[in-house]
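Note sheet for the following structure.
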Amino acid sequence: MAIQDIYPTALRLLGRPVLVVGGGPVAERRAKGLLDAGAKVTVVAPIATETLQGFDASGLLSWEAREYRTSDLDGVWFVQTATGTSAVDTQVAADAEAQRIWCVNASDHEASAAWTPAVAVVDDVKIAINAGGDPRRAMALRNAVATALETGDLPLRRHRKPGAGGSVALVGGGPGDSGLITVRGRRLLGQADVVVADRLGPRELLKELAPDVRVIEVGKTPGHHPVPQLEINRILVDEALKGNRVVRLKGGDPYVLGRGGEEAEFCRQNGVEVEVVSGVTSAISVPAAAGIPVTHRGLAKGFSVVTGHEELSEVPARPDHTVVLLMGVAQLRDSAAALAGSGLPLDTPVGIVENGYLPDQRVTIGTLGSIADQAEAVGVANPAVIVIGDVVRVSPFAPQHFKTADYSTITPNRPRVRSN
Ligand code: SAH
């Protein structure tokens, strides 16, 4: 049978009687598919898989534990035969043909009146693929298309809006590189009607949006003040109530110093469905962009993420507890003094990573005692992540004398020399 001789269509089997002849794994798979579509399934087979027996016991389908007879076809809309015995399958197919009932014959693909495609469901899209009678090829293609849909590489966005209300997704976009958003975040972005964007985050992805997707900028840009938080909350709710799928694309993770909690709460209070998609936070990833792990065996077992110098008195002041400062450039001198005041040695390494993962990334490394002057000298500016602690020593950007410190996990037998 040539591929052009098939006529793809979608059957709506909800509540309609259908027949599966056979009780093995193939019959089971097909019965499941038919049940998923809501069909009223009868299985005829002397022996059935445990799963099919379970379905029968729980009333999902009805299993007749006996051989097939022609009268089984009475009143059915569709039949699948997969007995494993080609004579029986041929008989079922011939009976179905005589009664003009569509039949899929598992043992004779060429003669089969109907074919079962490889199927995947992503969101409310169902794809079905027939590939020249080669089921593995069909499955491979199905998997590839499903992946492309799931990752947002294919245009999953609706063009007809349903009557019901829209929704909001707070999507953590990661630190800025378009590869560091989650698969789910990317997919939701591909489905969005409206994107409410920050200054930080994967801005390149905005260029890939369809031309009719509305982008509302709420982040601070040079010369413009950011949209106040309450106003952002209102925009999210208003757009969703108009029936739009709204993506609030945020830098890093929505729940790390990103006011995601307030946005989610406001949506819920106003009856708008909201989903929060975690992101790669800059607190961990931006240090990593400079080769700095926030924990490292032998150097630091834990880390704190804080914004300013107020919280610093609560943070363990030890070189083996990493302190990560977000939004910390303006207060850097005060923060360094506060940590020194709590007892952190002045020779504790400090790294500043500006524009992590972006083309203009810059790394400045110094010590608690020197960093404020260094930052001033080179004109460090936001966005920047400041990392304080011994972990900074492992950065490839660290000056050579920092690297003479004890990092036992890398060269366990090396003599211990302290740096200053
Ligand atoms: N929710 C975000 C943080 C928002 S606060 C997250 O989880 O990452 C904004 C701060 O994040 C900036 O002031 C800066 O300290 C940091 N930041 C975000 N992206 C950055 C980047 N690409 N490079 C350096 N710092 C960044």
Side-chain angles (χ1 to χ4, degrees), residues 169-182 184-185 196-206 217-222 224-229 232-233 236 247-265 276-294 303-312 315 322-336 350-365 371-372 375 378-389 392 395 397:
L170 305 184
V171 174
D177 182 289
S178 14
L180 289 176
I181 189 172
T182 62
R184 174 125 192 100
V196 180
D198 268 347
R199 185 178 51 108
L200 298 175
R203 306 264 326 162
E204 285 294 309
L205 290 177
L206 297 176
E217 298 280 1
V218 295
K220 208 194 296 180
T221 51
H224 291 88
H225 286 293
V227 177
Q229 188 61 48
I232 297 176
N233 297 352
L236 298 178
V247 163
R248 169 77 175 107
L249 184 62
K250 299 175 76 71
D253 182 276
Y255 282 170
V256 178
L257 302 170
R259 308 193 73 168
E262 291 160 62
E263 292 174 1
E265 193 184 4
V276 180
V277 181
S278 296
V280 172
T281 179
S282 65
I284 297 171
S285 63
V286 170
I292 303 170
V294 291
F303 63 98
S304 301
V305 180
V306 289
T307 57
H309 62 278
E310 290 91 358
E311 300 89 343
L312 288 176
V315 162
T322 307
V323 177
V324 179
L325 295 175
L326 298 190
M327 298 182 276
V329 172
Q331 294 170 325
L332 176 57
R333 196 171 289 277
D334 293 346
S335 301
V350 180
I352 304 180
V353 187
E354 294 165 87
N355 298 306
Y357 292 100
L358 301 170
D360 46 353
Q361 173 175 315
R362 179 168 68 167
V363 183
T364 307
I365 291 185
I371 197 68
V378 299
V380 163
N382 274 315
V385 172
I386 301 163
V387 201
I388 302 151
V392 173
S395 169
F397 298 98

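For ligands, and for the atoms within them, numbers begin at 1 and follow the listed sequence.
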closest protein heavy atom to atom 1 (N) of ligand 1 is Val256 O, 2.6 Å
Short question: side chain of Arg248, backbone of Glu263 - any donor-acceptor pair under 3.5 Å? no
If you scan protein heavy atoms around atom 2 (C) of ligand 1, the nearest is Gly251 O, 3.3 Å
heavy-atom search around atom 22 (N) of ligand 1 in the protein gives Pro175 O, 2.8 Å
So the atoms of ligand 1 within less than 4.0 Å of a heavy atom of Val353 turn out to be 24 (C)
Atom 23 (N) of ligand 1 sits nearest the protein heavy atom Gly356 N, 2.8 Å
Those residues at least two apart in sequence (or on a different chain) that pass salt bridge (charged side-chain N to carboxylate O under 4.0 Å, His left out) with Arg259 are Glu262
d(Asp198 CG, Arg203 CZ) to nearest 0.5 Å is 8.5 Å
Residue, atom and distance of the protein heavy atom nearest atom 4 (C) of ligand 1 read Leu257 O, 3.4 Å
A student checking ligand 1 against Asn382 at a 4.0 Å heavy-atom cut-off should list atoms 13 (O)
Closest to atom 13 (O) of ligand 1 among protein heavy atoms sits Met327 CG, 3.1 Å
Rounding to 0.5 Å, atoms CG (Asn355) and OG (Ser282) come to a distance of 11.5 Å
Counting heavy atoms under 4.0 Å, the part of Asn355 that contacts ligand 1 is backbone
Rounded to the nearest 0.5 angstrom, the CD-CG distance for Glu217 and Leu249 is 10.0 Å
_Tell me if a side-chain donor or acceptor on Thr364 pairs with a main-chain N or O of Ala375 at a distance below 3.5 Å._
no
Closest heavy-atom approach to atom 20 (C) of ligand 1 among Gly172, Gly328, Ser282, Pro254 is made by Ser282
- Message: Tell me whether ligand 1 is touched by Gly176 - counting only heavy atoms on the residue side and a distance under 4.0 Å.
- Response: no
Looking only at protein heavy atoms, what sits closest to atom 14 (C) of ligand 1 is Ala384 O, 3.4 Å
For Glu204, the salt bridge (charged side-chain N to carboxylate O under 4.0 Å, His left out) test, sequence neighbours excluded, returns Lys207
Apply side-chain contact (heavy atoms from CB on, under 4.5 Å) to residues Val387 and Phe303 and explain how you reach the verdict.
CA-CA 10 Å; Val387 201; Phe303 63 98; over 6 Å; no
the protein heavy atom lying closest to atom 26 (C) of ligand 1 turns out to be Pro383 CB, 3.7 Å
*asked:* Does Leu170 form a side-chain contact (heavy atoms from CB on, under 4.5 Å) with Leu236? I'd like the steps, not just the answer.
replied: CA-CA 10 Å; Leu170 305 184; Leu236 298 178; 4.3 Å; yes
Counting heavy atoms under 4.0 Å, the part of Thr281 that contacts ligand 1 is both
